[in-house]
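Accompanying notes for the structure given below.
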Amino acid sequence: MLQRPRGTRDFLPDEMEARREIEERMREAARRFGYGQVRTPVFEELELFTLRSGPGIVNEMYAFEDKGGRALSLRPELTAPVLRLYVNEARVLPKPLRWFYYDDCFRYERPQKGRYRQFWQFGAELIGADTAMADAEVVLLADAALQASGVEYELKVGHLALMRSLLADLDEGARRAVMGLLDKREFDGLVAALAGLGREDLAPSLEALVAATTLDEAFALTGPLPEEARLRELVTLLDAAGLDYTLNFGIVRGLDYYTGMVFEGFAQNLGAENQIVGGGAYRLAHLFGGEDTPSCGFAIGFDRVMVALGQVEVPPRPTVAVLSTSEGACAACVAAAAFRAAGLRAELDLSGRGLGAQLTRAARTADYAVLIGAREAEAGVVAFKDLASGVQETLALEAAVARTVGREVDAPGAR
RNA sequence: GCCAGGGUGGGGUAGCUGGUUAUCCUAGGGGACUGUGGAUCCCCCGACCCGGGUUCGAGUCUCGGCCCUGGCCCCA
């Protein structure tokens, strides 16, 4: 038997309902911030991603050559494609651009909890704004989307300038190594690495910076920096907005194009892969041939949010089972159409079995049953049954539809 | 790429010191039941991941592969 490719998943209707529900809540959050959706191709020129992330990532990508010999790859992330879109198509649009996206990405990695080879990202990019308020807006949108989903998580906000100022003397390779160790809180390794560089003196202040939880603590370690005023303003804005977060200057965020503010969010019960959002201010457009444009964005690991949420309660939609004998088949189709037109879910019974058997099935899957046999068809009425209460009435079709519209559905114990 | 634990009907499982027709639950189909409820009863359907080895005989032991789950690495 054919198998689904490794690291991919199939989604059945119940799970899709839950995913669509959460997607819709995030989408609505973005809309309320004035963000519009963009969509880019599922594959791009390979170079787009190596320009952003370095040649080393080719191994982790679904890279391939097409029949014309072009080096392409399924997208492993969406920030680079969206910025490529901006450079290609949208350079002259009035700034700032407020865009969001929800699409699938592909990485050739070893699957584990919350990590799949095809996964979905919900994210946003704010392009062409370079103020503390722009930074704040992006963090607040990320939080709004996650809050709307209902996931419980911890938000950490930081700024790269502080750590970089402490490491300003180191060459790039050493700086990367040190930042990587700090990101993982590997202080023993850090001390050893600094010793190898002859800079043991940095260890205390670096460890203190990672532990710092206030701006005053952090800037006491670094001294005054040009970024200080904007960072202080950002914190003031986030606090005024009532955001629940902590400051953390140990956030590294991998790559060099992040320029200032950075943030990450972590959820519980996710095992080793517990980061559900990451973002920050960056400059990327110039890599793709555009002007050097300040941008800020984030990406939410949608599948991880779904794992962290567990069961998602989707508002029930009343279902009408339309049951009929052969004499009532035509009337049943008409009745189903009337319920559908009223916004209900109407399911015809296709079994051709007796009404008793049809009702047995309906009782498990529906909230209401409409029965149309020879008697009802002849009289031009329907038998309308509320499956929760057991009450049955003989009504004109319009009256039966009216019985269901706007009515709350009780606990779906009948399902 | 590395490590650990796993793969038995669609889902969940028993069998694991090798031995007749592989257990049970559930789901699915049919019937009792051709106009009224989820019950009950009966019947049916349907599985040992793949390949090699040991053996008279392998779901069971052994080797390799594939896949799953989680962890390491990585995490744009």
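Letters A, B, ... are given to chains in the order of the sequence lines, protein chains preceding strands, and every chain is numbered from 1.
A:Phe263 does not carry A:Lys156 over the face of its six-membered ring by the limits of under 6.0 Å from the centre and within 45° of the normal. Taking the ring centre of A:Phe11 as origin, the terminal cationic atom of A:Arg19 falls inside the region bounded by 6.0 Å and 45° from the ring axis. Judged by the 6.0 Å and 45° rule, A:Arg9 forms a cation-pi pair with A:Tyr116.
Following rounding to the nearest Å, A:Met61 (CE) and B:rC74 (P) show an atom-to-atom distance of 18 Å. If you measure from atom CD of A:Glu186 to atom C1' of B:rC72, you get 12 Å, rounded to the nearest angstrom. Atom CD1 in A:Ile300 sits about 17 Å away from atom C1' in B:rA76, given to the nearest Å. Residue A:Tyr108 contributes atom OH, which lies 19 Å from atom C1' of B:rA76 at whole-angstrom precision. The nearest whole Å value for the distance from the CG atom in A:Asp10 to the P atom in B:rG11 is 12 Å. Separating the CD1 atom of A:Ile372 from the C1' atom of B:rU36 is a distance of 15 Å, rounded to the nearest angstrom. Distance, A:Phe119 CZ to B:rA76 P: 11 Å, rounded to whole Å. When rounded to the nearest whole Å, the span between CD of A:Glu109 and P of B:rC2 equals 16 Å.
The phosphate of B:rC74 (OP1 or OP2) has a side-chain N or O of A:Lys184 nearer than 4.0 angstrom.
Ring geometry, A:Phe339 versus A:Phe384: the interplanar angle falls under 30°, so the pair is classed parallel (tilted spans 30 to 60°).
Distance check: A:Arg230 CZ to A:Thr131 OG1 gives 6.0 Å after rounding to the nearest 0.5 Å. To the nearest 0.5 Å, the span separating CG on A:Leu190 from CD on A:Glu200 amounts to 11.0 Å.
In A:Glu45, the CD atom is not crowded: 12 or fewer heavy atoms of neighbouring residues, nucleotides or ligands sit closer than 6.0 Å. Heavy atoms of other residues, nucleotides or ligands lying less than 6.0 angstrom from OH of A:Tyr108 number 12 at most.
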Output, in order, the C-alpha distance, side-chain angles, deciding distance and verdict of side chain to side chain contact (heavy atoms under 4.5 Å, CB included) for A:Glu207 and A:Val191. CA-CA 10 Å; A:Glu207 290 191 33; A:Val191 170; 4.1 Å; yes

Please walk me through it: do A:Leu141 and A:Arg32 pass side chain to side chain contact (heavy atoms under 4.5 Å, CB included)? CA-CA 9 Å; A:Leu141 171 54; A:Arg32 291 181 187 188; over 6 Å; no

Checking A:Thr319 against A:Asp367 for the side chain to side chain contact (heavy atoms under 4.5 Å, CB included) test, could you report, in this order, the C-alpha distance in whole Å, the side-chain angles of both residues, the deciding distance, and whether it holds? CA-CA 5 Å; A:Thr319 299; A:Asp367 303 291; 3.9 Å; yes

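Residues A:Gln275 and A:Ala357 both approach RNA chain B. Their nearest nucleotides, taken by heavy-atom distance, put A:Ala357 toward the 5′ side.
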What pairs of nitrogen or oxygen atoms, one from the protein and one from nucleotides 66-70 of chain B, lie under 3.5 Å apart?
residue, atom, partner, partner atom, Å
B:rC68, OP2, A:Arg6, NE, 2.3
B:rU69, O4, A:Arg110, NH2, 3.4
B:rG70, OP2, A:Lys113, N, 3.2
B:rG70, O6, A:Arg110, NH2, 3.2

Please list, for nucleotides 26-29 of chain B, all pairs of protein and nucleotide N/O atoms separated by less than 3.5 Å.
residue, atom, partner, partner atom, Å
B:rG28, OP1, A:Arg364, NH2, 3.4
B:rG29, OP2, A:Arg361, NH2, 3.4

Distances for protein N/O vs nucleotides 40-49 of chain B N/O pairs under 3.5 angstrom?
none

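At the heavy-atom level, A:Glu376 lies under 4.0 Å from base atoms of the strands shown. Among the heavy atoms of the strands, none lies under 4.0 Å from A:Gln358. Counting any heavy atom pair closer than 4.0 Å across all strands shown, A:Ala374 reaches a base atom. Across all strands shown, A:Gly390 has heavy atoms under 4.0 Å from base atoms, whether or not it also approaches the sugar-phosphate. Looking at heavy-atom distances under 4.0 Å, A:Gln392 makes contact with a base. Residue A:Gly373 is classed as a base contact, given a heavy-atom separation below 4.0 Å to a base.
Spacing between B:rC61 and B:rG19 at atom C1', rounded to whole Å, works out to 14 Å. Nucleotides B:rC42 and B:rA4 place their C1' atoms 47 Å apart, quoted to the nearest Å. Atom name P, nucleotides B:rG53 and B:rG59: the rounded distance is 15 Å, in whole Å. B:rC48 and B:rG15 have their C1' atoms separated by 11 Å, with the value rounded to a whole Å. Using P as the reference atom, B:rG46 and B:rG9 are 14 Å apart when rounded to the nearest Å. Comparing B:rU21 with B:rG29, their C1' atoms are spaced 23 Å from each other, to the whole Å. A gap of 14 Å separates the P atoms of B:rG11 and B:rU69, to the nearest Å. Taking atom C1' in both B:rU17 and B:rA58, one finds a spacing of 15 Å when rounded to whole Å.
Legend: salt bridge (charged side-chain N to carboxylate O under 4.0 Å, His left out) pairs involving residues 267-279 of chain A, not counting sequence neighbours, sorted by first then second residue: A:Arg115-A:Glu273, A:Glu273-A:Arg304.
For A:Phe266 and A:Tyr153, the gap between ring centers reaches or exceeds 6.0 Å.
Among the duplex regions that RNA chain B forms, those built from at least three successive Watson-Crick or G-U pairs under 3.5 Å are B:1-7 with B:66-72, B:10-12 with B:24-26, B:28-32 with B:40-44, B:49-53 with B:61-65, ordered by first number.
In plain terms, the two heavy atoms of A:Leu225 and A:Leu162 that are nearest each other are CD1-CA, 3.9 Å.
For A:Glu327 against B:rG35, a side-chain-to-base donor-acceptor contact under 3.5 Å is absent.
None of A:Phe122, A:Tyr101, A:Tyr102, A:Trp120 except one satisfies the ring pair (Phe, Tyr, Trp, His ring centres under 6.0 Å) rule with A:Phe302; the exception is A:Tyr102.
Judged as a side-chain contact (heavy atoms from CB on, under 4.5 Å), and not counting sequence neighbours, the contacts of A:Leu51 are A:Glu47, A:Phe288.
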